[in-house]
K.L.:
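Would you mind keeping the following structure in view while I ask a few things?
Every value quoted in this text rests on a predicted model; they were computed, and no experiment measured them. All values below come from the heavy atoms of this structure, side chains included, with hydrogens, waters and symmetry mates left out.
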Amino acid sequence: SYSWYPRSDFENADGPSAYLKTPTSRTYYVTASNAFGCTTIDSVSVKVDDALSVNVGQDAVACIGEAVSLPVTSVHDSLSTFTWTPNNGVWNPVTRTYNIIASTYTTYTVVVRRGSCLGTAQISVTVKPQPDFSCSADTTVCLGNSVNLRATSSQSGIAYRWLINGVPDTTLSDATSSKPRFTSDRK
């Protein structure tokens with residue numbers, strides 16, 4: 001027969017398998033007796049690890065084709081491992097920060113494991129379409145003359161910015177208009 005101690009910590013303290021009511025970090029003892037009246041004792045140490053609290057922050061919004069980083073923002077030690085799903089096949093799914101290319105609305109799940117403890121969190125990425133527009137055809141203008149440029153779209157709410165090397169073009173009549181006028185420099 002088997003008896004587990006301290007008895008108050010177990011659902012059923014008798015038998016070869018015993019189930020702890022609420023595990024606490026400590027040493028538990030079991031005595032085993034045989035038909036000859038011999039008894040022996042053994043022990044097992046149980047370490048209860050803190051529950052893994054996993055935080056990935058707020059859901060994200062991205063434009064289609066945009067790179068998005070999904071970081072685990074809660075603190076974890078070097079013994080923690082990370083597994084992200086679904087695996088998009090592009091980036092490594094076993095890192096603390098998962099990188100994706102936004103393509104469709106997706107909810108990502110990260111499982112953090114440290115020893116036998118698990119924690120999970122989810123983050124959703126909402127994907128918005130890129131603006132659909134076109135520019136007027138390439139053209140040539142003589143020095144000192146002007147030409148109207150045009151950007152058109154069937155979508156409403158499009159904001160335009162005409163740029164040269166990443167800064168607003170000051171040679172245009174209005175660098176935020178869909179129909180600015182360009183005048184070449186006079187020389």
K.L.:
Supply the atom-to-atom distance Thr152 OG1 to Lys179 NZ, rounded to the nearest 0.5 angstrom.
P.N.:
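Those atoms lie 9.5 Å apart.
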K.L.:
Between Arg7 and Asp14, is there a salt bridge with N-O shorter than 4.0 Å?
P.N.:
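Counted as a salt bridge, because a side-chain N and a carboxylate O are separated by less than 4.0 Å.
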K.L.:
Could you state the interatomic distance from CG (Asp169) to CG (Leu163), rounded to the nearest 0.5 Å?
P.N.:
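Going from the CG atom of Asp169 to the CG atom of Leu163 covers 8.5 Å.
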K.L.:
Step by step, would you call Lys128 with Val61 a side-chain contact (heavy atoms from CB on, under 4.5 Å)?
P.N.:
CA-CA 7 Å; Lys128 303 292 184 180; Val61 177; 3.8 Å; yes
K.L.:
Would you compute the distance between atom OG of Ser74 and atom CG of Asn55 and round it to the nearest 0.5 angstrom?
P.N.:
5.5 Å
K.L.:
Would you find a donor on one side and an acceptor on the other, under 3.5 Å apart, between the side chain of Ser173 and the backbone of Arg181?
P.N.:
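It does hold such a pair.
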K.L.:
Give me the atom names and distance for the closest heavy-atom approach of Tyr5 to Thr31.
P.N.:
CE1-OG1, 3.8 Å
K.L.:
Below 4.5 Å, heavy atoms only, C-beta onward: do Tyr98 and Pro71 meet side chain to side chain?
P.N.:
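Tyr98 vs Pro71: side chains apart.
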K.L.:
Output, in order, the C-alpha distance, side-chain angles, deciding distance and verdict of side-chain contact (heavy atoms from CB on, under 4.5 Å) for Tyr29 and Asp42.
P.N.:
CA-CA 6 Å; Tyr29 299 91; Asp42 200 354; over 6 Å; no
K.L.:
Compare every heavy atom of Trp4 with every heavy atom of Ser17, then report the nearest pair and how far apart it is.
P.N.:
C-NE1, 4.3 Å
K.L.:
Can you tell me how far CZ of Arg96 sits from CH2 of Trp84, rounded to the nearest 0.5 angstrom?
P.N.:
10.5 Å
K.L.:
Mark yes or no for whether Asp59, through its side chain, and Ser124, through its backbone, hold a donor-acceptor pair below 3.5 Å.
P.N.:
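Checking the backbone N and O of Ser124 against the side chain of Asp59, a donor-acceptor pair under 3.5 Å is found.
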K.L.:
If you compare all heavy atoms of Tyr105 against all heavy atoms of Thr107, which two are closest, and at what distance to 0.1 Å?
P.N.:
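Taking Tyr105 first and Thr107 second, the nearest heavy atoms are OH-OG1, 3.7 Å.
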K.L.:
Write down the atom of Pro86, the atom of Tyr108, and the distance for their closest heavy-atom approach.
P.N.:
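Shortest heavy-atom separation between Pro86 and Tyr108 comes out as CD-CD2, 3.6 Å.
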K.L.:
Under the side-chain contact (heavy atoms from CB on, under 4.5 Å) rule, what do Leu149 and Leu172 come out as? Steps first, then yes or no, please.
P.N.:
CA-CA 9 Å; Leu149 304 177; Leu172 299 178; 3.7 Å; yes
K.L.:
Between Trp162 and Phe182, is any pair of side-chain heavy atoms under 4.5 Å apart?
P.N.:
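They are not in contact (no side-chain heavy atoms under 4.5 Å apart), so the answer is no.
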K.L.:
Taking atom CD of Gln58 as the centre, report whether more than 12 heavy atoms of other residues, nucleotides or ligands fall under 6.0 Å from it.
P.N.:
no
K.L.:
Less than 4.5 Å apart, any side-chain heavy atom of Gln155 and any of Pro131?
P.N.:
yes
K.L.:
Between Ser45 and Thr27, is the side chain to side chain donor-acceptor pair (under 3.5 Å) condition met? List the steps.
P.N.:
CA-CA 4 Å; Ser45 292; Thr27 300; 3.1 Å; yes
K.L.:
Nearest 0.5 Å, what's the CD1-CG distance between Ile100 and Leu70?
P.N.:
5.5 Å
K.L.:
Run through the side-chain heavy atoms of Ile, Leu, Val, Met, Phe, Trp and Tyr, join any pair under 4.5 Å, and report what else lands in Leu118's cluster.
P.N.:
Val111
K.L.:
Does Ala175 offer a backbone N or O that forms a donor-acceptor pair with the side chain of Ser177 under 3.5 Å?
P.N.:
no
K.L.:
Working note: Tyr160 + Ser153, criterion side-chain contact (heavy atoms from CB on, under 4.5 Å); need CA distance, chi angles, decisive distance, verdict.
P.N.:
CA-CA 11 Å; Tyr160 298 94; Ser153 176; 3.7 Å; yes
K.L.:
Please tell me if the side chains of Thr120 and Val112 come closer than 4.5 Å, counting only heavy atoms from C-beta onward.
P.N.:
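No; the side chains remain at least 4.5 Å from each other.
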K.L.:
Once rounded to the nearest 0.5 Å, what's the spacing between atom CG of Asn34 and atom OG1 of Thr40?
P.N.:
9.5 Å
K.L.:
What are the two closest non-hydrogen atoms of Ile123 and Ala60, and how far apart are they?
P.N.:
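That closest heavy-atom pairing would be CG1-N, 4.5 Å.
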K.L.:
Under the rule for salt bridge (charged side-chain N to carboxylate O under 4.0 Å, His left out), what residues qualify as partners of Arg26, not counting sequence neighbours?
P.N.:
Asp9
K.L.:
Report the C-alpha distance between Asn99 and Ser69 in whole Å, list the side-chain angles of each, state the deciding distance to 0.1 Å, and finish with yes or no for side chain to side chain donor-acceptor pair (under 3.5 Å).
P.N.:
CA-CA 4 Å; Asn99 297 302; Ser69 292; 2.6 Å; yes
K.L.:
Would you say Leu20 ends up clustered with Val30 if hydrophobic residues are merged whenever their side chains have heavy atoms under 4.5 Å apart, either directly or through other cluster members?
P.N.:
yes
K.L.:
Would you kindly say whether Thr39 and Ser33 are connected by a side-chain donor-acceptor distance under 3.5 Å?
P.N.:
yes
K.L.:
Looking only at non-hydrogen atoms, find the nearest pair between Gln130 and Ile64 and report the distance.
P.N.:
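The answer is NE2-O, 2.9 Å.
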